[in-house]
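Since the structure comes first, as structure tokens, the remarks are kept for the end.
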Amino acid sequence: MDRKTKNLLWPGNILRMGLLWTTALLYSYFKLFYKRLFGTLRSYPHVLPQSDYKPVCIVTGATSGLGKSTAEALSVQGYHVILAGRSFQCLSKTIAEIQHRHEGVSLKAIELDLCSLESILKFKDSVLDWLKAANLPSSLQLLVNNAGILATSQGFTSGGYDRMMASNYLGAFMLTHLLLPLLQSSSCPPRIVNVASFTHWCVQDIQVNEANLAKGDVQNSSNLNWYQLARIYESTKLYLILFTFELHRQLYIGNHLHPISVTAADPGAVETRILREVPNWLSFVIFKVMKYLCLMQSPTMGSRAIVDAALAPPEASGKYFFGGGGRTIEPSTLSNDSELAQKLWKASASLLHIAT
Ligand SMILES: NC(=O)c1ccc[n+]([C@@H]2O[C@H](COP(=O)([O-])OP(=O)(O)OC[C@H]3O[C@@H](n4cnc5c(N)ncnc54)[C@H](OP(=O)(O)O)[C@@H]3O)[C@@H](O)[C@H]2O)c1
């Protein structure tokens, strides 16, 4: 058997996840504490869009965990929420659950598989058709790129991309580009929120090029026999933050006519189905230890940072939300590297054949 399919327990993965990820999470909370101590902590309020239409938002990965909680919270705030996910059945079940808890909320299910270019294109067409049919032509105001996985073995999409890289970063990059014209025509200030993670702190050095992006490789290490799932997950989250800041520079700072605000949201550690590929005994231990350390949150608690970012005023563009209560911290220095962000942008656009 290919060792890349049997690698979760490789000490490098376990050490990174157990030690580095926990340290990165504690460091993020320390940053919040430090800002509070020195009075530099800023909280952004929730600002609901003012519009004649009910604003529409899209939440990807809305069938479970943080996506489901975010979709529920935004629908309660008055959004018409398009829930995007791989299975229509799961989406319908999620909608029924939310509608059972909150009467009168507006929800719509549309299938989307971020690992398939055809599915992303079809999703965009379905959104367009639905907006036209519902007579809501310029009401797509918010896109929440939430979907993501922690893959424990290597696998490739039909397009030949590493499936974790495709689910967590490349799919969001493609979807965002396809939906930009719709967001730009929004009658109220449009927003994009990318769901990041504290794990990005663990990436100290990264080789960005098309081949590495496609393979999910991070340091030209394809000669290794192990699938470096921890490193690859961290790098997909770093890429999302670099993408967030590059979009912010292009769509908010550099676009005075119709700016789109772009933020990143880090939910912290949350008890969801993210560890679904990890053996049950191991995810049980991880959740127990994190709960013991008081670091594990419920999806409702974790989604506060995402909802804060989604409802923040436009001037919060370029911020990294963490910890709820509208609070933000600075992410890693590497994630603020604008040269690296441009390099990533070019490599991603070229790989996905997007003209920018
Ligand atoms: N949980 C945490 O501690 C934590 C911490 C930091 C960041 N995050 C991030 O938060 C986001 C949500 O994760 P979660 O913790 O809520 O995990 P989850 O419960 O496993 O939910 C993941 C969602 O993503 C969807 N998804 C996966 N692959 C997809 C694809 N190819 N196309 C479309 N949808 C896809 C799943 O849909 P299906 O039902 O189709 O599988 C599911 O709805 C992820 O980006 C994750 O990296 C999580």
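Here the structure is a predicted model, which means the values were calculated and not measured. In each ligand, atom 1 is the first atom listed, and ligand 1 is the first ligand listed.
Taking atom 48 (C) of ligand 1 as the reference point, the nearest protein heavy-atom neighbour is Leu66 CD1, 3.7 Å. Among protein heavy atoms, the minimum distance from atom 3 (O) of ligand 1 is reached at Val270 N, 2.8 Å. Here the protein heavy atom with the shortest distance to atom 8 (N) of ligand 1 is Tyr233 OH, 3.7 Å. Nearest to atom 39 (O) of ligand 1 among the protein's heavy atoms is Thr63 OG1, 2.7 Å. Among protein heavy atoms, atom 17 (O) of ligand 1 sits closest to Thr272 OG1, 3.5 Å. Remark: minimum distance from atom 4 (C) of ligand 1 to any protein heavy atom is reached at Gly268 O, 3.8 Å. Nearest non-hydrogen protein atom to atom 13 (O) of ligand 1 is Ile274 CD1, 3.9 Å.
Residue contacts with ligand 1, taken as heavy atom pairs separated by less than 4.0 Å, do not involve Lys68 at all.
Within 6.0 Å of atom CZ in Phe287, more than 12 heavy atoms from other residues, nucleotides or ligands are found, so the atom counts as buried in its surroundings. Annotation: Lys346, atom NZ; neighbour count of heavy atoms from other residues, nucleotides and ligands within 6.0 Å does not exceed 12.
Polar contact with ligand 1: absent for Ile149 (N/O pair, distance under 3.5 Å). Where the criterion is an N or O separation shorter than 3.5 Å, residue side chain and backbone included, Ala196 fails it with respect to ligand 1. The distance criterion of under 3.5 Å between nitrogen or oxygen atoms is not met by Asp266 with respect to ligand 1. Close N/O approach between Pro267 and ligand 1 is not found [any backbone or side-chain N/O within under 3.5 Å]. For ligand 1, the polar-atom distance check finds no N/O of Ser87 at less than 3.5 Å from any of the ligand's N/O atoms.
The closest approach between Ala269 and ligand 1 falls below 4.0 Å for a heavy atom of the residue. Residue contacts with ligand 1: Ser69 is excluded, as none of its non-hydrogen atoms falls under 4.0 Å. Residue-ligand proximity: Asn146 is placed with a non-hydrogen atom under 4.0 Å from ligand 1. Residue contacts with ligand 1: Lys237 is included, with a non-hydrogen atom under 4.0 Å away.
Residues Tyr233 and His200 place their aromatic rings such that the two centres sit no closer than 6.0 Å.
Looking at Ser348 and Tyr169, their side chains do bring a donor and an acceptor atom within 3.5 Å of each other.
What you find for Gln250 and Trp345 is that their closest heavy atoms are OE1-CZ2, 3.4 Å. Annotation for Ser64 and Arg276: closest pair OG-NH2, 4.2 Å, computed over non-hydrogen atoms.
The closest donor-acceptor contact from the side chain of Lys237 to the backbone of Asn168 lies at 3.5 Å or more, if one exists at all.
Of all the atoms in ligand 1, the ones that sit under 4.0 Å from a non-hydrogen atom of Ser197 are 6 (C), 7 (C). Annotation for ligand 1: atoms under 4.0 Å from non-hydrogen atoms of Gly65 are 16 (O), 19 (O).
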